[in-house]
There are 2 protein chains.
Amino acid sequence: MALSEAVVTGKSSPPVSKTTQILRTAGLLFLEHGYGATSMDAVARTAGVSKATLYAHFTSKADLFSAIVGAECARAVPMVTCQGLGGLPVAEGLFRIGRTLLDLLLSPQALGVYRVVIAESPRFPELGRAFYRAGPSRTLDALAAYLDDVHRRGELSVPDPMVAAELFWGMVRSHAHLRCLLLVDDSPDSAHRDGHVRTVVTVFMRGFAVSGSPGPQDGGAWSGPVSSP
Amino acid sequence: MALSEAVVTGKSSPPVSKTTQILRTAGLLFLEHGYGATSMDAVARTAGVSKATLYAHFTSKADLFSAIVGAECARAVPMVTCQGLGGLPVAEGLFRIGRTLLDLLLSPQALGVYRVVIAESPRFPELGRAFYRAGPSRTLDALAAYLDDVHRRGELSVPDPMVAAELFWGMVRSHAHLRCLLLVDDSPDSAHRDGHVRTVVTVFMRGFAVSGSPGPQDGGAWSGPVSSP
DNA sequence: GTCTATAGATCGATAGAC
DNA sequence: GTCTATCGATCTATAGAC
(Lines give C-alpha, C1' and ligand atoms only; values in the text may rest on other atoms or scores of the structure.)
Protein backbone atom coordinates (compact mmCIF):
# COMPACT_ATOMS: atom_id res chain seq x y z
CA MET A 1 0.00 0.00 0.00
CA ALA A 2 0.96 3.64 0.15
CA LEU A 3 2.08 3.08 3.70
CA SER A 4 5.26 1.23 2.95
CA GLU A 5 5.98 3.74 0.23
CA ALA A 6 5.75 6.60 2.71
CA VAL A 7 7.96 4.70 5.09
CA VAL A 8 10.61 4.22 2.47
CA THR A 9 10.52 7.77 1.16
CA GLY A 10 10.32 9.21 4.63
CA LYS A 11 7.71 11.77 3.68
CA SER A 12 4.06 11.40 2.83
CA SER A 13 2.99 14.78 1.48
CA PRO A 14 4.28 14.34 -2.10
CA PRO A 15 3.08 10.84 -2.98
CA VAL A 16 6.08 9.75 -5.00
CA SER A 17 4.90 7.63 -7.87
CA LYS A 18 6.07 4.06 -7.88
CA THR A 19 7.74 4.61 -11.21
CA THR A 20 10.10 7.25 -9.87
CA GLN A 21 10.50 5.19 -6.73
CA ILE A 22 11.64 2.26 -8.81
CA LEU A 23 13.82 4.38 -11.03
CA ARG A 24 15.59 6.02 -8.13
CA THR A 25 16.23 2.75 -6.34
CA ALA A 26 17.28 0.87 -9.46
CA GLY A 27 19.63 3.69 -10.39
CA LEU A 28 21.44 3.41 -7.10
CA LEU A 29 21.71 -0.36 -7.34
CA PHE A 30 22.73 -0.60 -10.98
CA LEU A 31 25.33 2.14 -10.65
CA GLU A 32 26.78 0.68 -7.47
CA HIS A 33 26.72 -3.05 -8.17
CA GLY A 34 26.60 -3.24 -11.94
CA TYR A 35 24.09 -4.89 -14.23
CA GLY A 36 24.79 -8.55 -13.60
CA ALA A 37 25.12 -8.25 -9.83
CA THR A 38 21.83 -6.36 -9.47
CA SER A 39 18.82 -8.65 -9.31
CA MET A 40 15.24 -7.69 -9.96
CA ASP A 41 14.44 -9.17 -6.55
CA ALA A 42 16.79 -6.68 -4.95
CA VAL A 43 15.31 -3.78 -6.92
CA ALA A 44 11.77 -4.72 -5.93
CA ARG A 45 12.64 -5.29 -2.30
CA THR A 46 14.64 -2.06 -1.94
CA ALA A 47 12.01 -0.03 -3.76
CA GLY A 48 9.31 -1.46 -1.52
CA VAL A 49 7.24 -2.98 -4.31
CA SER A 50 6.62 -6.48 -5.52
CA LYS A 51 8.29 -7.98 -8.52
CA ALA A 52 4.96 -8.12 -10.34
CA THR A 53 4.61 -4.36 -9.95
CA LEU A 54 8.15 -3.97 -11.17
CA TYR A 55 7.40 -5.91 -14.33
CA ALA A 56 4.17 -3.95 -14.80
CA HIS A 57 6.21 -0.76 -15.22
CA PHE A 58 9.19 -2.13 -17.09
CA THR A 59 9.10 -4.91 -19.62
CA SER A 60 12.38 -6.54 -18.62
CA LYS A 61 15.56 -6.03 -16.70
CA ALA A 62 17.25 -4.72 -19.82
CA ASP A 63 14.44 -2.23 -20.31
CA LEU A 64 14.80 -0.91 -16.77
CA PHE A 65 18.55 -0.72 -17.19
CA SER A 66 18.26 1.32 -20.37
CA ALA A 67 15.87 3.73 -18.68
CA ILE A 68 18.32 4.20 -15.84
CA VAL A 69 21.25 4.97 -18.10
CA GLY A 70 19.16 7.36 -20.17
CA ALA A 71 18.02 9.24 -17.10
CA GLU A 72 21.55 9.54 -15.76
CA CYS A 73 22.82 10.85 -19.08
CA ALA A 74 20.03 13.42 -19.27
CA ARG A 75 20.87 14.66 -15.82
CA ALA A 76 24.49 15.36 -16.74
CA VAL A 77 23.75 17.31 -19.92
CA PRO A 78 23.00 20.71 -18.31
CA MET A 79 26.48 20.74 -16.78
CA VAL A 80 28.40 20.76 -20.01
CA THR A 81 27.04 23.87 -21.67
CA CYS A 82 29.67 26.50 -22.30
CA GLN A 83 27.36 29.50 -22.07
CA GLY A 84 28.34 32.88 -20.71
CA LEU A 85 32.06 32.39 -21.28
CA GLY A 86 32.35 34.70 -24.28
CA GLY A 87 33.34 37.74 -22.28
CA LEU A 88 36.03 36.02 -20.24
CA PRO A 89 39.70 35.65 -21.12
CA VAL A 90 40.40 32.39 -22.89
CA ALA A 91 42.48 31.01 -20.04
CA GLU A 92 39.67 31.70 -17.62
CA GLY A 93 37.04 30.21 -19.93
CA LEU A 94 39.07 27.07 -20.49
CA PHE A 95 39.71 26.75 -16.79
CA ARG A 96 36.03 26.91 -15.92
CA ILE A 97 35.14 24.41 -18.63
CA GLY A 98 37.90 22.07 -17.56
CA ARG A 99 37.08 22.33 -13.90
CA THR A 100 33.37 21.72 -14.48
CA LEU A 101 34.18 18.80 -16.75
CA LEU A 102 36.54 17.27 -14.20
CA ASP A 103 33.98 17.59 -11.41
CA LEU A 104 31.40 15.93 -13.62
CA LEU A 105 33.68 13.06 -14.62
CA LEU A 106 34.74 12.36 -11.04
CA SER A 107 31.26 12.48 -9.54
CA PRO A 108 30.09 9.16 -8.11
CA GLN A 109 27.13 9.08 -10.48
CA ALA A 110 29.29 9.58 -13.56
CA LEU A 111 31.80 6.99 -12.37
CA GLY A 112 28.98 4.51 -11.87
CA VAL A 113 27.55 5.18 -15.31
CA TYR A 114 30.95 4.86 -16.93
CA ARG A 115 31.62 1.55 -15.19
CA VAL A 116 28.34 -0.03 -16.09
CA VAL A 117 28.06 1.30 -19.64
CA ILE A 118 31.62 0.38 -20.56
CA ALA A 119 31.09 -3.06 -19.08
CA GLU A 120 27.77 -3.80 -20.76
CA SER A 121 28.15 -2.14 -24.15
CA PRO A 122 29.17 -5.44 -25.79
CA ARG A 123 25.88 -6.97 -24.58
CA PHE A 124 23.80 -3.82 -25.23
CA PRO A 125 25.07 -2.55 -28.58
CA GLU A 126 22.86 0.51 -28.75
CA LEU A 127 23.49 1.44 -25.13
CA GLY A 128 27.10 2.42 -25.69
CA ARG A 129 26.19 4.58 -28.65
CA ALA A 130 23.29 6.21 -26.82
CA PHE A 131 25.49 6.99 -23.85
CA TYR A 132 28.23 8.41 -26.03
CA ARG A 133 25.81 10.66 -27.90
CA ALA A 134 24.03 11.82 -24.76
CA GLY A 135 27.16 12.31 -22.68
CA PRO A 136 30.74 12.62 -23.94
CA SER A 137 29.72 13.64 -27.43
CA ARG A 138 27.71 16.62 -26.18
CA THR A 139 30.55 17.74 -23.97
CA LEU A 140 32.84 17.54 -26.94
CA ASP A 141 30.48 19.51 -29.16
CA ALA A 142 30.10 22.30 -26.63
CA LEU A 143 33.83 22.47 -26.10
CA ALA A 144 34.53 22.45 -29.84
CA ALA A 145 32.03 25.27 -30.37
CA TYR A 146 33.79 27.33 -27.73
CA LEU A 147 37.20 26.62 -29.26
CA ASP A 148 35.90 27.54 -32.70
CA ASP A 149 34.77 30.87 -31.29
CA VAL A 150 38.17 31.41 -29.73
CA HIS A 151 39.77 30.58 -33.05
CA ARG A 152 37.58 33.09 -34.92
CA ARG A 153 38.50 35.78 -32.43
CA GLY A 154 42.14 35.04 -33.17
CA GLU A 155 43.04 34.29 -29.58
CA LEU A 156 44.24 30.80 -30.31
CA SER A 157 45.01 28.89 -33.48
CA VAL A 158 42.53 26.01 -33.52
CA PRO A 159 41.99 24.99 -37.14
CA ASP A 160 40.27 21.75 -36.13
CA PRO A 161 38.20 22.47 -32.99
CA MET A 162 36.96 18.91 -32.67
CA VAL A 163 40.43 17.43 -32.51
CA ALA A 164 41.54 20.13 -30.08
CA ALA A 165 38.49 19.49 -27.93
CA GLU A 166 39.36 15.81 -27.74
CA LEU A 167 42.92 16.59 -26.67
CA PHE A 168 41.72 19.03 -24.02
CA TRP A 169 39.19 16.53 -22.77
CA GLY A 170 41.82 13.80 -22.69
CA MET A 171 44.24 15.91 -20.68
CA VAL A 172 41.57 16.98 -18.21
CA ARG A 173 40.46 13.43 -17.67
CA SER A 174 44.01 12.14 -17.62
CA HIS A 175 44.76 9.34 -15.19
CA ALA A 176 42.66 10.70 -12.33
CA HIS A 177 39.50 9.46 -14.00
CA LEU A 178 41.00 6.01 -14.50
CA ARG A 179 42.30 5.85 -10.95
CA CYS A 180 38.86 6.72 -9.60
CA LEU A 181 37.18 4.21 -11.91
CA LEU A 182 39.55 1.53 -10.63
CA LEU A 183 39.27 2.75 -7.03
CA VAL A 184 43.06 3.01 -6.88
CA ASP A 185 42.87 6.01 -4.62
CA ASP A 186 40.41 8.60 -3.40
CA SER A 187 39.04 11.39 -5.52
CA PRO A 188 41.38 14.40 -5.68
CA ASP A 189 40.29 17.35 -3.58
CA SER A 190 39.40 20.77 -4.86
CA ALA A 191 42.93 22.17 -4.68
CA HIS A 192 44.40 19.29 -6.67
CA ARG A 193 41.68 19.60 -9.28
CA ASP A 194 42.38 23.30 -9.61
CA GLY A 195 46.08 22.68 -10.02
CA HIS A 196 45.58 19.96 -12.59
CA VAL A 197 43.21 21.98 -14.73
CA ARG A 198 45.54 24.97 -14.55
CA THR A 199 48.37 22.84 -15.86
CA VAL A 200 46.19 21.51 -18.64
CA VAL A 201 45.11 25.02 -19.65
CA THR A 202 48.71 26.19 -19.72
CA VAL A 203 49.89 23.32 -21.90
CA PHE A 204 46.85 23.62 -24.15
CA MET A 205 47.27 27.35 -24.70
CA ARG A 206 50.94 26.92 -25.54
CA GLY A 207 50.14 24.05 -27.83
CA PHE A 208 47.55 26.05 -29.73
CA ALA A 209 49.10 29.51 -29.44
CA VAL A 210 48.87 31.73 -32.50
CA SER A 211 52.11 31.54 -34.48
CA GLY A 212 54.46 34.45 -33.88
CA SER A 213 52.85 35.20 -30.58
CA PRO A 214 55.12 34.66 -27.59
CA GLY A 215 52.35 32.70 -25.95
CA PRO A 216 50.03 33.31 -23.05
CA GLN A 217 51.65 36.16 -21.17
CA ASP A 218 48.53 37.11 -19.30
CA GLY A 219 49.43 34.86 -16.41
CA GLY A 220 48.48 37.72 -14.14
CA ALA A 221 44.86 37.10 -14.95
CA TRP A 222 45.22 33.87 -13.04
CA SER A 223 46.25 35.46 -9.79
CA GLY A 224 42.64 36.19 -8.89
CA PRO A 225 40.66 33.47 -7.22
CA VAL A 226 38.42 31.46 -9.46
CA SER A 227 34.83 31.84 -8.50
CA SER A 228 33.02 28.57 -8.38
CA PRO A 229 29.26 28.91 -8.08
CA MET B 1 41.07 -37.86 -21.45
CA ALA B 2 43.91 -36.40 -23.44
CA LEU B 3 41.94 -37.06 -26.60
CA SER B 4 39.44 -34.28 -26.21
CA GLU B 5 42.26 -32.02 -25.21
CA ALA B 6 44.13 -32.77 -28.40
CA VAL B 7 40.98 -32.21 -30.40
CA VAL B 8 40.42 -28.81 -28.89
CA THR B 9 44.00 -27.68 -29.21
CA GLY B 10 44.32 -29.10 -32.67
CA LYS B 11 47.77 -30.50 -32.01
CA SER B 12 48.94 -33.35 -29.88
CA SER B 13 52.73 -33.06 -29.79
CA PRO B 14 52.94 -30.44 -27.00
CA PRO B 15 50.54 -31.85 -24.41
CA VAL B 16 49.03 -28.59 -23.26
CA SER B 17 48.34 -28.83 -19.56
CA LYS B 18 44.75 -28.50 -18.49
CA THR B 19 45.67 -25.47 -16.44
CA THR B 20 46.82 -23.46 -19.44
CA GLN B 21 43.92 -24.86 -21.41
CA ILE B 22 41.54 -23.52 -18.81
CA LEU B 23 43.37 -20.23 -18.51
CA ARG B 24 43.35 -19.60 -22.23
CA THR B 25 39.69 -20.43 -22.64
CA ALA B 26 38.59 -18.53 -19.55
CA GLY B 27 40.57 -15.51 -20.68
CA LEU B 28 38.71 -15.38 -23.97
CA LEU B 29 35.33 -15.78 -22.29
CA PHE B 30 35.88 -13.34 -19.43
CA LEU B 31 37.31 -10.67 -21.71
CA GLU B 32 34.54 -11.05 -24.25
CA HIS B 33 31.47 -11.51 -22.07
CA GLY B 34 32.50 -10.02 -18.75
CA TYR B 35 32.60 -11.57 -15.31
CA GLY B 36 28.89 -11.92 -14.55
CA ALA B 37 27.91 -13.20 -17.96
CA THR B 38 30.60 -15.89 -18.00
CA SER B 39 29.54 -19.06 -16.23
CA MET B 40 31.82 -21.76 -14.94
CA ASP B 41 29.75 -24.21 -16.99
CA ALA B 42 30.70 -22.35 -20.14
CA VAL B 43 34.36 -22.26 -19.16
CA ALA B 44 34.42 -25.99 -18.44
CA ARG B 45 32.53 -26.88 -21.60
CA THR B 46 34.62 -24.67 -23.88
CA ALA B 47 37.88 -25.80 -22.30
CA GLY B 48 36.87 -29.44 -22.74
CA VAL B 49 37.02 -30.34 -19.07
CA SER B 50 34.45 -31.02 -16.42
CA LYS B 51 33.44 -28.55 -13.79
CA ALA B 52 34.95 -30.72 -11.09
CA THR B 53 38.33 -30.50 -12.84
CA LEU B 54 37.87 -26.78 -13.12
CA TYR B 55 37.33 -26.43 -9.39
CA ALA B 56 40.27 -28.75 -8.75
CA HIS B 57 42.58 -26.19 -10.39
CA PHE B 58 40.95 -22.97 -9.19
CA THR B 59 39.28 -22.47 -5.84
CA SER B 60 36.45 -20.32 -7.10
CA LYS B 61 35.23 -18.24 -9.98
CA ALA B 62 36.77 -15.15 -8.42
CA ASP B 63 40.11 -16.93 -8.14
CA LEU B 64 40.07 -17.90 -11.79
CA PHE B 65 39.11 -14.38 -12.74
CA SER B 66 42.00 -12.85 -10.80
CA ALA B 67 44.43 -15.24 -12.47
CA ILE B 68 43.13 -14.21 -15.89
CA VAL B 69 43.51 -10.51 -15.25
CA GLY B 70 46.99 -10.97 -13.83
CA ALA B 71 48.10 -12.95 -16.87
CA GLU B 72 46.71 -10.36 -19.29
CA CYS B 73 48.46 -7.54 -17.45
CA ALA B 74 51.76 -9.36 -17.50
CA ARG B 75 51.47 -9.89 -21.23
CA ALA B 76 51.08 -6.17 -21.96
CA VAL B 77 54.06 -5.02 -19.90
CA PRO B 78 56.81 -5.73 -22.46
CA MET B 79 55.15 -3.36 -24.94
CA VAL B 80 55.54 -0.23 -22.88
CA THR B 81 59.29 -0.12 -22.41
CA CYS B 82 60.89 2.98 -23.88
CA GLN B 83 64.27 1.45 -24.63
CA GLY B 84 66.47 2.43 -27.52
CA LEU B 85 64.91 5.82 -28.06
CA GLY B 86 67.78 7.86 -26.63
CA GLY B 87 69.45 8.48 -29.97
CA LEU B 88 66.32 9.59 -31.80
CA PRO B 89 64.99 13.14 -32.07
CA VAL B 90 62.44 13.87 -29.38
CA ALA B 91 59.58 14.20 -31.84
CA GLU B 92 60.37 10.80 -33.29
CA GLY B 93 60.78 9.21 -29.87
CA LEU B 94 57.48 10.61 -28.67
CA PHE B 95 55.78 9.49 -31.84
CA ARG B 96 56.97 5.92 -31.46
CA ILE B 97 55.96 5.81 -27.81
CA GLY B 98 52.55 7.29 -28.57
CA ARG B 99 51.92 5.01 -31.50
CA THR B 100 52.89 1.91 -29.55
CA LEU B 101 50.76 3.03 -26.64
CA LEU B 102 47.77 3.70 -28.87
CA ASP B 103 48.07 0.30 -30.54
CA LEU B 104 48.23 -1.34 -27.13
CA LEU B 105 45.21 0.54 -25.77
CA LEU B 106 43.08 -0.22 -28.82
CA SER B 107 43.96 -3.91 -29.02
CA PRO B 108 41.01 -6.22 -28.41
CA GLN B 109 42.72 -7.80 -25.41
CA ALA B 110 43.37 -4.45 -23.73
CA LEU B 111 39.82 -3.28 -24.43
CA GLY B 112 38.48 -6.46 -22.88
CA VAL B 113 40.67 -6.09 -19.81
CA TYR B 114 39.71 -2.47 -19.38
CA ARG B 115 36.01 -3.27 -19.64
CA VAL B 116 36.05 -6.08 -17.16
CA VAL B 117 38.44 -4.54 -14.65
CA ILE B 118 36.67 -1.19 -14.61
CA ALA B 119 33.37 -2.95 -14.22
CA GLU B 120 34.40 -5.30 -11.41
CA SER B 121 36.81 -3.17 -9.39
CA PRO B 122 34.06 -2.22 -6.89
CA ARG B 123 33.46 -5.93 -6.21
CA PHE B 124 37.17 -6.87 -6.37
CA PRO B 125 38.91 -4.09 -4.45
CA GLU B 126 42.46 -5.27 -4.99
CA LEU B 127 41.90 -6.14 -8.61
CA GLY B 128 41.68 -2.52 -9.72
CA ARG B 129 44.85 -1.62 -7.86
CA ALA B 130 46.72 -4.65 -9.17
CA PHE B 131 45.69 -3.85 -12.74
CA TYR B 132 46.68 -0.22 -12.39
CA ARG B 133 50.09 -1.09 -10.99
CA ALA B 134 50.75 -3.78 -13.57
CA GLY B 135 49.43 -1.85 -16.56
CA PRO B 136 48.83 1.91 -16.79
CA SER B 137 51.22 2.76 -13.97
CA ARG B 138 54.14 1.02 -15.64
CA THR B 139 53.41 2.75 -18.90
CA LEU B 140 53.39 6.05 -17.07
CA ASP B 141 56.65 5.31 -15.30
CA ALA B 142 58.43 4.41 -18.52
CA LEU B 143 57.09 7.51 -20.24
CA ALA B 144 58.03 9.74 -17.32
CA ALA B 145 61.56 8.32 -17.29
CA TYR B 146 61.89 9.12 -20.98
CA LEU B 147 60.57 12.64 -20.46
CA ASP B 148 62.91 13.19 -17.57
CA ASP B 149 65.80 12.23 -19.81
CA VAL B 150 64.57 14.66 -22.46
CA HIS B 151 64.33 17.35 -19.81
CA ARG B 152 67.88 16.73 -18.61
CA ARG B 153 69.16 16.99 -22.16
CA GLY B 154 67.45 20.37 -22.40
CA GLU B 155 65.33 19.46 -25.38
CA LEU B 156 62.05 20.12 -23.62
CA SER B 157 61.11 21.81 -20.39
CA VAL B 158 59.50 19.09 -18.30
CA PRO B 159 59.96 19.96 -14.64
CA ASP B 160 57.40 17.37 -13.53
CA PRO B 161 57.75 14.33 -15.83
CA MET B 162 54.97 12.39 -14.14
CA VAL B 163 52.38 15.10 -14.76
CA ALA B 164 53.58 15.56 -18.32
CA ALA B 165 53.41 11.81 -18.90
CA GLU B 166 49.81 11.77 -17.73
CA LEU B 167 48.90 14.59 -20.10
CA PHE B 168 50.61 12.86 -23.01
CA TRP B 169 48.91 9.59 -22.18
CA GLY B 170 45.55 11.34 -21.90
CA MET B 171 45.91 13.01 -25.27
CA VAL B 172 47.01 9.81 -26.98
CA ARG B 173 44.11 7.90 -25.53
CA SER B 174 41.71 10.74 -26.14
CA HIS B 175 38.21 9.81 -27.22
CA ALA B 176 39.23 6.99 -29.53
CA HIS B 177 39.78 4.68 -26.59
CA LEU B 178 36.39 5.55 -25.14
CA ARG B 179 34.66 5.10 -28.47
CA CYS B 180 36.21 1.68 -28.89
CA LEU B 181 35.34 0.70 -25.33
CA LEU B 182 31.73 1.71 -26.00
CA LEU B 183 31.75 0.15 -29.48
CA VAL B 184 30.60 3.47 -30.92
CA ASP B 185 32.58 2.88 -34.08
CA ASP B 186 35.33 0.70 -35.43
CA SER B 187 38.93 0.97 -34.42
CA PRO B 188 40.80 3.69 -36.35
CA ASP B 189 43.11 2.40 -39.05
CA SER B 190 46.84 2.84 -39.17
CA ALA B 191 46.73 6.14 -41.06
CA HIS B 192 44.34 7.72 -38.59
CA ARG B 193 46.43 6.53 -35.68
CA ASP B 194 49.52 8.03 -37.25
CA GLY B 195 47.80 11.35 -37.78
CA HIS B 196 46.40 11.47 -34.28
CA VAL B 197 49.72 10.72 -32.61
CA ARG B 198 51.46 13.28 -34.81
CA THR B 199 48.99 15.92 -33.67
CA VAL B 200 49.50 14.94 -30.06
CA VAL B 201 53.27 15.13 -30.40
CA THR B 202 53.04 18.57 -32.00
CA VAL B 203 50.80 19.97 -29.28
CA PHE B 204 52.86 18.34 -26.56
CA MET B 205 56.16 19.70 -27.85
CA ARG B 206 54.73 23.18 -28.14
CA GLY B 207 53.24 22.91 -24.68
CA PHE B 208 56.53 21.87 -23.14
CA ALA B 209 58.92 23.76 -25.40
CA VAL B 210 61.97 25.34 -23.81
CA SER B 211 61.52 29.09 -23.65
CA GLY B 212 62.19 32.11 -21.47
CA SER B 213 58.84 31.75 -19.78
CA PRO B 214 58.59 29.37 -16.84
CA GLY B 215 57.30 25.90 -17.38
CA PRO B 216 53.80 24.77 -16.54
CA GLN B 217 54.65 22.93 -13.35
CA ASP B 218 57.02 25.20 -11.54
CA GLY B 219 54.14 27.11 -10.04
CA GLY B 220 55.81 30.44 -10.52
CA ALA B 221 53.04 31.90 -12.61
CA TRP B 222 50.35 30.68 -10.36
CA SER B 223 49.18 32.12 -7.13
CA GLY B 224 48.96 28.80 -5.35
CA PRO B 225 45.98 26.66 -4.57
CA VAL B 226 42.67 28.40 -4.65
CA SER B 227 40.64 27.75 -1.57
CA SER B 228 37.16 26.75 -2.52
CA PRO B 229 34.23 26.79 -0.09
C1' DG C 1 42.94 -36.46 -11.35
C1' DT C 2 38.89 -36.68 -13.93
C1' DC C 3 34.45 -37.81 -14.68
C1' DT C 4 28.86 -37.86 -14.00
C1' DA C 5 25.31 -36.35 -11.39
C1' DT C 6 23.25 -33.34 -8.35
C1' DA C 7 22.57 -30.38 -4.37
C1' DG C 8 21.12 -25.81 -2.93
C1' DA C 9 20.33 -21.31 -3.98
C1' DT C 10 18.98 -17.60 -6.97
C1' DC C 11 17.79 -15.79 -11.21
C1' DG C 12 14.21 -13.46 -14.58
C1' DA C 13 9.62 -13.57 -15.50
C1' DT C 14 4.58 -14.90 -14.85
C1' DA C 15 -0.24 -16.66 -13.17
C1' DG C 16 -4.06 -15.67 -10.66
C1' DA C 17 -6.50 -13.58 -6.56
C1' DC C 18 -8.00 -9.14 -4.94
C1' DG D 1 -2.48 -1.84 -10.29
C1' DT D 2 -0.68 -4.45 -6.70
C1' DC D 3 -0.06 -8.34 -4.26
C1' DT D 4 1.50 -13.61 -3.05
C1' DA D 5 3.20 -17.62 -4.78
C1' DT D 6 5.62 -20.09 -8.02
C1' DC D 7 7.60 -21.86 -12.47
C1' DG D 8 11.49 -23.24 -15.17
C1' DA D 9 16.02 -22.28 -16.07
C1' DT D 10 20.67 -21.45 -14.66
C1' DC D 11 24.13 -20.55 -11.45
C1' DT D 12 28.22 -21.87 -8.16
C1' DA D 13 30.05 -25.52 -5.95
C1' DT D 14 30.39 -30.39 -4.33
C1' DA D 15 29.79 -35.63 -3.56
C1' DG D 16 31.01 -40.00 -4.99
C1' DA D 17 32.36 -43.50 -8.64
C1' DC D 18 36.31 -44.84 -11.41
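So that the names make sense, note that chain A is the first sequence line, chain B the second, and so on, each numbered from 1. Note that these values count all heavy atoms, side chains included, but never hydrogens, waters or copies made by symmetry.
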Query - Atom-to-atom span, CG of B:Leu29 to P of D:dC11 - whole angstrom - result: 12 Å
Query raised in the report: Given A:Glu126 and A:Arg129, is the salt bridge (Lys or Arg N to Asp or Glu O under 4.0 Å) satisfied, shown in steps?
Result: CA-CA 5 Å; A:Glu126 58 264 61; A:Arg129 281 187 280 271; 5.8 Å; no
Requested in this report: Round to the nearest Å and state the distance from B:Lys61 atom NZ to D:dT14 atom P.
Outcome: 15 Å
Report task. Anything under 30° is parallel, anything over 60° is perpendicular, the rest tilted; go ahead and classify B:Tyr114 against B:His177. Result -> perpendicular
Query raised in the report: Nearest to the side chain of B:Thr53 - D:dC3, C:dC3, D:dC11?
Result: C:dC3
Report task. Indicate whether any N or O donor in one side chain lies under 3.5 Å from an N or O acceptor in the other, for A:Asp148 and A:His151. Result -> no
**Report entry** Greater than 12 external heavy atoms within 6.0 Å of A:Asp189's CG
**Finding:** yes
Query raised in the report: Taking the six-membered ring for Trp, are A:Phe65 and A:Phe124 parallel (under 30°), tilted (30 to 60°) or perpendicular (over 60°)?
Result: tilted
Report task. Round to the nearest Å and state the distance from B:Asp63 atom CG to D:dT12 atom C1'. Result -> 14 Å
Requested in this report: Name the closest nucleotide to the A:Ser50 side chain, picking from D:dA13, C:dA13, D:dT4.
Outcome: D:dT4
**Report entry** B:Tyr55 side-chain N/O to D:dT14 phosphate OP1/OP2 under 4.0 Å
**Finding:** no
**Report entry** Whole-Å distance separating the CZ atom of A:Arg123 from the C1' atom of C:dG12
**Finding:** 17 Å
Requested in this report: Using atom NE2 of A:His33 as one end and atom C1' of C:dC11 as the other, report the distance to the nearest whole Å.
Outcome: 17 Å
Query raised in the report: In whole angstroms, how far is the P atom of C:dG1 from the CD1 atom of B:Ile22?
Result: 13 Å
Query raised in the report: Which nucleotide in the set D:dT2, C:dG12, D:dT14 lies at the smallest distance from any side-chain heavy atom of A:Met40?
Result: C:dG12
Report task. Select base, sugar-phosphate, or nothing to describe what A:Thr38 touches, counting heavy atoms under 4.0 Å on all strands. Result -> sugar-phosphate
**Report entry** Interatomic distance where CG belongs to B:Leu54 and C1' belongs to D:dT14 [whole Å]
**Finding:** 13 Å
Report summary line: Testing C:dG12, D:dT14, C:dA13 for proximity to the side chain of A:Ser39, the answer is C:dG12
Query raised in the report: Do A:Lys51 and C:dT14 have a side chain to base donor-acceptor pair shorter than 3.5 Å?
Result: no
Query raised in the report: Just how far, in rounded Å, is C1' of C:dT2 from CZ of B:Arg45?
Result: 18 Å
Query - Which nucleotide in C:dG12, D:dA15, D:dC3 has an atom nearest any side-chain atom of B:Ala52 - result: D:dA15
Report summary line: Result for 5'-nearest mapping on DNA chain D, choosing between A:Asp41 and A:His57, is A:His57
